[in-house]
Asks: 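Can you read through this structure? Questions will come right after.
Counting starts at 1 for both ligands and their atoms, following the listed order. Note that the coordinates shown come from a computational prediction; the quantities given were computed from them, not determined experimentally.
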Amino acid sequence: MKLCLVLSTHDAQFQAVALKGRLADNLRKIAGWGYDSVELAIRAPDIVDVAQLERDLAAQDLTVPAIGTGQAWGEERLSFTSDDPTVRLAAIERIKSHIPLAARLDAIIIVGLIRGVTPIGQSRQRSMIYLTEALQECTAVGAQYGVRFALEPLNRYETDLIHTAQDGLQLIERVGANNLGLLLDTFHMNIEEPDIEDSIVASGERIVHFHVADSNRWHPGAGHLAFESILGALLSTGYQGHISGEFMPCPDADTAAQRNIDYLQGLAIG
Ligand code: LER
Ligand code: MN
């Protein structure tokens, strides 16, 4: 198991990130706790000093398997499914702007909250058309750089679009791009999936990234999810990717990050 932690490069409103700001210090701590990698939550790539980031990552021997893009929705309300064409265009341009950095870091680009929510007065069908077209445009550019994308099903309280692994697989089929896979998140799965393990197995090779949080969105081990069984199902699909901790900084960020890795390393799996 390659263990990863979500880390915001800058301060952000999104709560389920254990660590934010003070990038070099955070990378040092994360490596010290034994993590292999960091998933970087980046609002916009042009606010990142990439050369410095690469030096800091190399100093701690950490890789970046994925870039999270949801802050563009959380902080700026950019959305693939807005009824305003300038907002849709800005969202697509923002996601495309992550591609050179993702290529440089060999990271997958996550498409989660940037899909937005269906605006009042717009049909869900219209949102799905916008979403499909946006993903087709971004994946086509990504393919030129060898960059992959991960579509993340989210629970019903965050969006009306794509709740389950099955919803995600259908959209991936509709987009028709080889470089688009699935990111499954145990927090959302616990709310939306009829059976978490069955959905993981059914998603199989389409899973390209994986988020862990417990039922209460605290670190694994703090709630009632059966992680031995869930991660056992994930590994049974042949998944070779990273298991990325995305949880609330509770009881505090450092304790949550340490408890997560201690708990996952203590499980009787692969
Ligand atoms: C992002 O990975 C995520 O899981 C969402 O819940 C963000 O709100
Ligand atoms: Mn997630």
Side-chain angles (χ1 to χ4, degrees), residues 3-20 37-44 64-81 91 94-95 98 102 107-118 131 135 148-165 167-168 171 180-193 196 199-200 203 206-220 222-223 225 227 230-231 234 239 241-250 253 256-257 260 264:
L3 296 176
C4 178
L5 190 66
V6 176
L7 169 67
S8 184
T9 55
H10 294 74
D11 278 332
Q13 291 174 38
F14 180 49
Q15 291 178 325
V17 177
L19 293 156
K20 305 173 187 178
S37 57
V38 283
E39 174 185 319
L40 294 178
I42 303 177
R43 183 175 60 75
V64 180
I67 294 173
T69 60
Q71 286 176 19
W73 164 257
E75 317 269 329
E76 299 176 61
R77 282 297 181 261
L78 296 187
S79 156
F80 281 169
T81 57
R94 178 62 58 81
I95 293 300
H98 284 281
I108 294 169
I109 298 175
I110 297 171
V111 176
L113 286 167
I114 192 83
R115 67 174 160 283
V117 298
T118 299
L131 178 54
L135 285 169
R148 292 182 296 157
F149 291 78
L151 174 69
E152 182 177 21
L154 301 173
N155 75 74
R156 67 191 68 185
Y157 306 108
E158 297 190 32
T159 179
D160 60 316
L161 303 164
I162 314 297
H163 297 148
T164 63
D167 295 341
L171 179 58
L180 178 62
L182 212 51
L183 157 54
L184 297 181
D185 180 326
T186 57
F187 172 71
H188 301 298
M189 297 189 92
N190 182 50
I191 297 171
E192 297 294 346
E193 302 294 337
I196 295 177
S199 297
I200 289 171
S203 302
R206 277 296 189 187
I207 305 171
V208 294
H209 196 55
F210 200 81
H211 282 167
V212 284
D214 217 317
S215 49
N216 46 8
R217 219 171 200 183
W218 281 43
H219 59 85
L225 289 186
F227 278 100
I230 291 169
L231 295 179
L234 179 65
Y239 181 74
H242 296 240
I243 293 172
S244 191
E246 183 191 52
F247 39 75
M248 308 286 284
C250 299
N260 172 59
L264 294 179

Asks: Can you tell which part of L154 has a heavy atom less than 4.0 Å from ligand 1: side chain, backbone, both or neither?
Replies: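 L154 to ligand 1: side-chain contact only, backbone stays beyond 4.0 Å.
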Asks: Would you confirm whether R94, through its side chain, and S79, through its main-chain N or O, come within 3.5 Å as a donor-acceptor pair?
Replies: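 No; judged by distance alone, with no hydrogens or angles, the pair does not exist.
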Asks: Using a strict 4.0 Å threshold on nitrogen-to-oxygen distance, state whether R217 and E158 make a salt bridge.
Replies: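 Counted as a salt bridge, because a side-chain N and a carboxylate O are separated by less than 4.0 Å.
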Asks: Under 4.0 Å from a heavy atom of D185: give me the atoms of ligand 1 that qualify, with their elements.
Replies: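 Answer, ordered by atom number: 4 (O).
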Asks: State whether a side-chain donor-acceptor pair under 3.5 Å links H209 with E39.
Replies: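 Checked: H209/E39 side chains pair up, N/O donor to acceptor below 3.5 Å.
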Asks: Check whether any side-chain N or O of N216 sits under 3.5 Å from a backbone N or O of A222 as a donor-acceptor pair, and report yes or no.
Replies: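 Judged by distance alone, yes, a pair lies under 3.5 Å.
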Asks: For the residue pair H10 / Q71, report whether a side-chain donor-acceptor contact shorter than 3.5 Å exists.
Replies: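 No, no side-chain donor-acceptor pair sits under 3.5 Å.
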Asks: Select one of side chain, backbone, both or neither to describe which atoms of L113 lie under 4.0 Å from any atom of ligand 1, heavy atoms only.
Replies: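 Only the side chain of L113 comes within reach of ligand 1.
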Asks: Using a strict cut-off of 4.0 Å, indicate which atoms of ligand 1 neighbour a heavy atom of E158.
Replies: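 Within the 4.0 Å cut-off of E158, ligand 1 contributes 5 (C), 6 (O), 7 (C), 8 (O).
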Asks: Examine ligand 1 and decide if any of its atoms is less than 4.0 Å from a heavy atom belonging to E39.
Replies: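 Contact check E39 vs ligand 1: negative.
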Asks: If the cut-off is 4.0 Å to any non-hydrogen atom of H211, which atoms of ligand 1 fall inside it?
Replies: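 With H211 as reference, the close atoms of ligand 1 come out as 2 (O).
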Asks: Among the N/O/S atoms of H211, which is closest to the Mn ion (ligand 2)? Give the atom name.
Replies: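 For H211, the N, O or S atom at the smallest distance from the Mn ion (ligand 2) is ND1.
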Asks: For E152, counting its heavy atoms only, list the atoms of ligand 1 lying under 4.0 Å from any of them.
Replies: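 In order of number, 1 (C), 2 (O), 3 (C), 4 (O).
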Asks: Of all the atoms in ligand 1, which lie at a distance below 4.0 Å from a heavy atom belonging to H188?
Replies: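 What qualifies from ligand 1 is 3 (C), 4 (O), 5 (C), 6 (O).
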Asks: Which bit of Q71 gets closer than 4.0 Å to ligand 1, counting heavy atoms only: side chain, backbone, both or neither?
Replies: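 Looking at Q71 and ligand 1, no heavy atom falls under 4.0 Å.
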Asks: What is the name of the N/O/S atom of D185 that is nearest to the Mn ion (ligand 2)?
Replies: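 Closest to the Mn ion (ligand 2) among those atoms: OD2.
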Asks: List every atom of ligand 1 that sits less than 4.0 Å from any heavy atom of R217, numbering the atoms from 1 in the order shown and giving each element.
Replies: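 Heavy-atom distances to R217 below 4.0 Å select 3 (C), 4 (O), 5 (C), 6 (O).
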Asks: E246: which N/O/S atom is nearest the Mn ion (ligand 2)?
Replies: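 So the atom name we want here is OE1.
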Asks: Starting from the Mn ion (ligand 2), look over the N/O/S atoms of E152 and name the nearest one.
Replies: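 The closest N, O or S atom of E152 to the Mn ion (ligand 2) is OE2.
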